[in-house]
Q: 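Dropping a structure here in structure tokens format, bear with me for questions.
Throughout, protein chains are lettered first and strands after them, A, B, ... in sequence-line order, and every chain is numbered starting at 1.
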Protein chains: 2
Amino acid sequence: MLENNHSRPASHQSYEILRDRILNGELPGGSKIVEEKIAADLGVSRTPIRESIRKLEHEGLIVNKRVVKPSEKDLRNMFQVRMLLEGYSAQCAASYLKEHDLQSLHQCVEIGRTGTVEEIMEANERFHEIIVRASNNPVMIDIIDRMSSIIFLFRKTVVFYNRPHLIDEHEQIYQAIKARNGEKADRLMKTHLQADLEFCLHLLGC
Amino acid sequence: MLENNHSRPASHQSYEILRDRILNGELPGGSKIVEEKIAADLGVSRTPIRESIRKLEHEGLIVNKRVVKPSEKDLRNMFQVRMLLEGYSAQCAASYLKEHDLQSLHQCVEIGRTGTVEEIMEANERFHEIIVRASNNPVMIDIIDRMSSIIFLFRKTVVFYNRPHLIDEHEQIYQAIKARNGEKADRLMKTHLQADLEFCLHLLGC
DNA sequence: AATTAAAAAAATGTATACAAATATTACATA
DNA sequence: TATGTAATATTTGTATACATTTTTTTAATT
């Protein structure tokens with residue numbers, strides 16, 4: 001049951017709940033999404049639920065009234081876009097990143113070597129987030145954000161299985177950015193994402 | 001009044017109507033969008049109207065209950081994304097485009113030199129569309145599509161004022177693709193979009 | 001047993017009513 | 001005149017009812 005209180009609208013609350021349930025696997029890929037069921041479950045009417053479902057559809061997490069189950073092709077396509085946008089972002093980072101953010105990047109690498117699984121996952125996300133924000137381009141950030149909810153379902157796997165070289169690659173990217181070598185940062189980021197993708201697909205037996 | 005007939009749902013019909021009205025300037029940037037007004041106008045209830053408004057919000061055509069009025073920065077950001085994605089698409093086109101599509105590209109250039117204003121506008125869109133589709137990446141195509149509704153508001157201006165060299169640039173891109181020179185096609189596409197952007201911004205006095 | 005048609009059930013689309021939140025107006029006071 | 005506040009009106013958010021469409025079940029026929 002949602003809070004009736006002075007919180008966000010029910011449509012937004014239910015959006016967040018559904019999103020979480022999808023991302024943490026509670027609603028696995030392929031699950032049928034039925035408005036009335038969800039509404040009853042969350043204790044609100046169908047009206048706000050519809051809205052949250054539409055939002056999730058737009059985000060790509062729900063397709064055809066079912067929780068998305070991205071195909072190998074889908075992932076390749078999303079990673080191709082990421083390579084272009086994050087590669088460019090890495091270039092921007094090399095040109096513009098301030099000392100403070102550079103230090104944060106370095107910290108992410110450190111945590112990647114010494115942290116717990118949860119810490120590492122968080123640091124990985126942050127590493128990419130810092131770089132993407134360096135693009136200083138909200139349109140780009142938004143596109144990556146939207147894809148990242150789907151990609152999240154995979155990064156989990158990658159870190160859980162502790163992909164070899166992942167942190168080394170981050171370190172190299174960090175070094176290139178620190179050395180203000182944009183062209184190299186771009187190239188390394190693309191290679192990094194390509195490796196990520198292949199590792200995911202391999203693990204998932206694609 | 002919408003057709004009650006065996007057509008698409010009212011929410012979808014009203015979406016398309018609203019979208020058209022925004023794109024053709026009938027609902028100019030900054031207009032307040034009020035659910036009840038629109039509903040009365042189109043002769044349906046608020047329920048389907050809400051849905052279409054949400055869709056337009058996702059598409060970026062409505063922001064804060066008002067028709068979007070993109071800032072210079074917004075345009076720069078969108079064009080930056082376009083440069084990356086369409087540049088890559090041009091590369092793909094150079095590698096993979098079939099003879100038939102090559103001929104279509106060439107036709108677009110021809111029409112660009114000889115057609116009426118409407119024909120030229122259409123040919124311009126088609127030129128880019130053929131190249132984007134060469135990426136063979138629905139995720140990428142979708143991103144560009146979503147931005148293109150906003151960008152459309154500008155391409156109109158550019159063609160109306162008949163930007164110098166626009167068709168020459170298309171021709172050069174076409175030649176690079178035909179020559180299977182992906183790197184050059186990429187570079188030319190980026191330059192082309194940059195020029196488009198600057199021309200738009202200049203015209204609009206940004 | 002497989003295939004199809006009819007019936008039933010379930011789910012979605014839309015209209016309407018009312019509640020909650022926002023914006024607007026009118027008026028009082030400094 | 002400017003500013004704050006109460007009253008009003010407008011607009012959005014949500015629940016509910018019903019219509020339409022889609023899916024599933026059942027039964028009949030080959």
Q: Sequence neighbours excluded, which residues qualify as salt bridge (charged side-chain N to carboxylate O under 4.0 Å, His left out) partners of Lys55(B)?
A: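 Lys55(B) satisfies salt bridge (charged side-chain N to carboxylate O under 4.0 Å, His left out) with no other residue.
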Q: Could I get the full list of side-chain hydrogen bond (donor to acceptor under 3.5 Å, both in side chains) partners for Asp20(A), not counting sequence neighbours?
A: none
Q: Taking only residues two or more places apart in sequence or in another chain, which ones pass side-chain hydrogen bond (donor to acceptor under 3.5 Å, both in side chains) with Ser45(A)?
A: none
Q: Can you tell me how the ring of His170(B) sits relative to the ring of Phe127(B), calling it parallel under 30°, perpendicular over 60° and tilted otherwise?
A: parallel
Q: Taking only Lys NZ, Arg NE, NH1 and NH2, and the carboxylate oxygens of Asp or Glu, determine whether Glu86(B) and Lys190(B) approach each other closer than 4.0 Å.
A: no
Q: Excluding sequence neighbours, so at least two apart, what forms salt bridge (charged side-chain N to carboxylate O under 4.0 Å, His left out) with Glu198(A)?
A: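 With neighbours one apart ignored, the set is Arg76(A).
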Q: Expected output is a numbered-order residue list: members of residues 48-61 of chain B with a heavy atom under 4.0 Å from any atom of DNA chain C. What is it?
A: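 The answer is Pro48(B).
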Q: For Ser45(B) and dA15(C), is the shortest distance between a side-chain N/O and OP1 or OP2 below 4.0 Å?
A: yes
Q: Does a distance-only test, which skips hydrogens and angles, find a donor-acceptor pair under 3.5 Å between the side chain of Arg46(B) and the base of dG13(D)?
A: yes
Q: Does dT16(D) have OP1 or OP2 under 4.0 Å away from a side-chain N or O of Thr47(A)?
A: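 The answer is no; no side-chain N or O of Thr47(A) sits under 4.0 Å from OP1 or OP2.
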Q: Please tabulate, for the side chains in residues 99-108 of chain B, all donor-acceptor contacts under 3.5 angstrom to protein atoms that are two or more places apart in sequence or on a different chain.
A:
| from | atom 1 | to | atom 2 | distance (Å) |
| --- | --- | --- | --- | --- |
| Ser104(B) | OG | His100(B) | O | 3.2 |

Q: Only counting residues at least two apart or in another chain, list the ones meeting salt bridge (charged side-chain N to carboxylate O under 4.0 Å, His left out) with Glu129(A).
A: Arg133(A)
Q: Counting heavy atoms from C-beta on, name the nucleotide in dA15(D), dT12(D), dG13(C) closest to the side chain of Val44(A).
A: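 Nearest to the side-chain atoms of Val44(A), counting from C-beta on, is dA15(D).
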Q: Using five pairs at each end of the helix from dA1(C)-dT30(D) to dA30(C)-dT1(D) to define an axis, what is the angle between those two axes, to 10°?
A: 20°
Q: When the distance from CG of Asn64(B) to P of dT22(C) is rounded to whole Å, what number comes out?
A: 13 Å
Q: Going by salt bridge (charged side-chain N to carboxylate O under 4.0 Å, His left out), name the residues that satisfy it together with Arg21(B), two or more places apart in sequence or in a different chain.
A: Glu26(B), Asp41(B)
Q: Residues two or more places apart in sequence or in another chain: which of them pass side-chain hydrogen bond (donor to acceptor under 3.5 Å, both in side chains) with Arg54(B)?
A: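 Listed in chain order: Glu51(A).
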Q: Who are the side-chain hydrogen bond (donor to acceptor under 3.5 Å, both in side chains) partners of Tyr174(B), not counting sequence neighbours?
A: none
Q: For DNA chain C, which residues in residues 28-40 of chain A have a heavy atom at a distance below 4.0 Å?
A: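 Nucleic-acid contacts, sorted: Ile33(A), Val34(A), Glu35(A), Glu36(A), Lys37(A).
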